[in-house]
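Only a predicted model underlies this, so the values are computations on that prediction, with no experimental measurement involved. Only this structure's heavy atoms are used, side chains among them; waters, hydrogens and symmetry mates stay out.
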Amino acid sequence: MERHIQRVLNKVSFISTVIATLILLSLLLHVPETCIPAKAPKKPQLRFPKSTCDFSARYYLPLHKKNDRLWSSKSWITKVSSYTRFFTQLYQMGVLNNHSKVLCASAGAGHEIMALTKMGVEDVTGVELVESLPLVSRADPHNLPFFDGAFDVVFTGHLEEALYPLLCAGEMERTVRKGGVIVVAVEECNEKEVKDILRLFRRSRLLNHSHVTFKGRRITRIVMKNKAST
Ligand SMILES: *[C@@H]1O[C@H](CO)[C@@H](O)[C@H](O)[C@H]1NC(C)=O
Ligand SMILES: *[C@@H]1O[C@H](CO)[C@@H](O)[C@H](O)[C@H]1NC(C)=O
């Protein structure tokens, strides 16, 4: 009886040894999945790395090439020409001219800067939280790095997206000169909403507000004058 058990145990231990050896061999022989660089993709800028193990070549696109590509896109051109129409009306209203010193706060990728520059405005500054050189430099619209009264015209098309609209409005009023002009473009809004926006600008009075078409949709343009006193 005991011998029988002994034989069974021997057999079990032999089988375990064989299994363990096979596993070990298979681990040793197993070829790990290596990171073989894929063939150069056609549009590298559209390819997102799939894992940290993705070593395929990342193409560095020089800034001027990136900008050439962006600025020749259809959506860029349409938006710039919408801004050109928008600002031409300000020329006609007599609140903007080629010699105005203009600040565009929260200027995004800089469509408005390009429009103004092409129209002949000589001194245009664009700022945004994230820079888009050479059109837009980095600055916080809640804390603009400019002297009081540094600009003749301050514009923003992104007041609605501001984290603290009241702070942004305050900074726009601080950086525009006394008697200078603040221009805000917002989604089309009614009289009450216009009043709500005006309330943010405590040191300005309304010059004109009108509904205009911008890139095929209606927006409201509010033009304010910084009060000469205070
Ligand atoms: C502004 O400058 C541009 C380019 O120099 C010129 O074509 C345009 O006539 C000027 N506009 C005004 C109102 O002077
Ligand atoms: C505001 O400006 C627009 C466009 O120049 C003009 O048509 C409108 O009459 C002006 N509104 C007021 C109240 O001045």
Side-chain angles (χ1 to χ4, degrees), residues 43 45-46 63-98 100-139 141 144 151-163 165 168-169 171-172 176 181-198 200-201 204 206-224:
K43 292 192 169 178
Q45 76 280 15
L46 298 180
L63 185 63
H64 71 93
K65 280 202 177 161
K66 219 158 70 183
N67 281 339
D68 285 350
R69 194 171 287 177
L70 174 67
W71 295 343
S72 58
S73 71
K74 191 162 170 267
S75 77
W76 178 275
I77 292 166
T78 344
K79 197 163 177 188
V80 168
S81 59
S82 282
Y83 267 123
T84 305
R85 268 194 299 283
F86 180 94
F87 290 124
T88 302
Q89 289 158 2
L90 296 181
Y91 269 70
Q92 289 159 356
M93 285 167 65
V95 296
L96 174 69
N97 63 55
N98 279 352
S100 305
K101 205 165 185 276
V102 182
L103 170 67
C104 297
S106 305
H111 302 86
E112 53 267 64
I113 316 297
M114 184 172 278
L116 286 164
T117 308
K118 283 193 170 168
M119 288 168 74
V121 181
E122 291 144 22
D123 191 339
V124 188
T125 306
V127 294
E128 177 58 273
L129 279 175
V130 181
E131 68 185 5
S132 298
L133 295 176
L135 298 176
V136 181
S137 356
R138 189 173 64 195
L144 294 171
F151 299 94
D152 300 309
V153 177
V154 179
F155 166 74
T156 187
H158 297 278
L159 187 66
E160 291 152 304
E161 290 114 82
L163 209 47
C168 291
E171 279 294 90
M172 290 174 77
V176 78
V181 168
I182 292 175
V183 182
V184 176
V186 290
E187 292 294 324
E188 186 169 38
C189 57
N190 60 30
E191 299 291 321
K192 188 193 164 294
E193 290 162 332
V194 170
K195 281 204 179 106
D196 287 342
I197 291 167
L198 287 174
L200 299 172
F201 294 86
S204 309
L206 179 65
L207 267 189
N208 176 294
H209 85 269
S210 48
H211 306 297
V212 296
T213 304
F214 185 89
K215 265 192 102 183
R217 62 193 170 87
R218 301 284 286 169
I219 62 164
T220 298
R221 181 182 57 215
I222 303 172
V223 182
M224 292 163 276

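- Between the side chain of S100 and the main chain of V102, no donor-acceptor pair closer than 3.5 Å is present.
- With sequence neighbours excluded, the residues that form a side chain to side chain donor-acceptor pair (under 3.5 Å) with T213 are R218.
- Screening residues 78-87 for side-chain hydrogen bond (donor to acceptor under 3.5 Å, both in side chains) gives no qualifying pairs among residues at least two apart or on separate chains.
- Side-chain N or O atoms of D152 include one that pairs as donor or acceptor with a backbone N or O of K101 at under 3.5 Å.
- Partners of E131 according to the salt bridge (Lys or Arg N to Asp or Glu O under 4.0 Å) rule, which considers only residues two or more places apart in sequence or in another chain, do not exist here.
- Residues forming a side chain to side chain donor-acceptor pair (under 3.5 Å) with K65 (at least two apart in sequence, or on another chain): none.
- For the pair T220 (side chain) and C189 (backbone), a donor-acceptor distance under 3.5 Å is present.
- Applying the side-chain hydrogen bond (donor to acceptor under 3.5 Å, both in side chains) definition to pairs two or more places apart or across chains, those involving residues 109-130 are H99-E122.
- Every residue was checked against the side chain to side chain donor-acceptor pair (under 3.5 Å) condition with R138, not counting sequence neighbours, and none meets it.
- Put simply, the side chain of L103 does not reach to within 4.5 Å of the side chain of F155, judged on heavy atoms.
- A donor-acceptor pair under 3.5 Å links the side-chain atoms of E171 to the main chain of L144, judged by distance alone.
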Worked check of side-chain contact (heavy atoms from CB on, under 4.5 Å) between H209 and V223: CA-CA 6 Å; H209 85 269; V223 182; over 6 Å; no
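- Pairing each heavy atom of A162 with each of C168, the nearest pair is CB-SG, 3.6 Å.
- Between F86 and Y91, the gap from one ring centroid to the other reaches at least 6.0 Å.
- A distance of 10.0 Å separates CG in L133 from NZ in K66, rounded to the nearest 0.5 Å.
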Stepwise side-chain contact (heavy atoms from CB on, under 4.5 Å) test for E188 and R217: CA-CA 9 Å; E188 186 169 38; R217 62 193 170 87; over 6 Å; no
Step-by-step side-chain contact (heavy atoms from CB on, under 4.5 Å) determination, V95 to L207: CA-CA 10 Å; V95 296; L207 267 189; 3.9 Å; yes
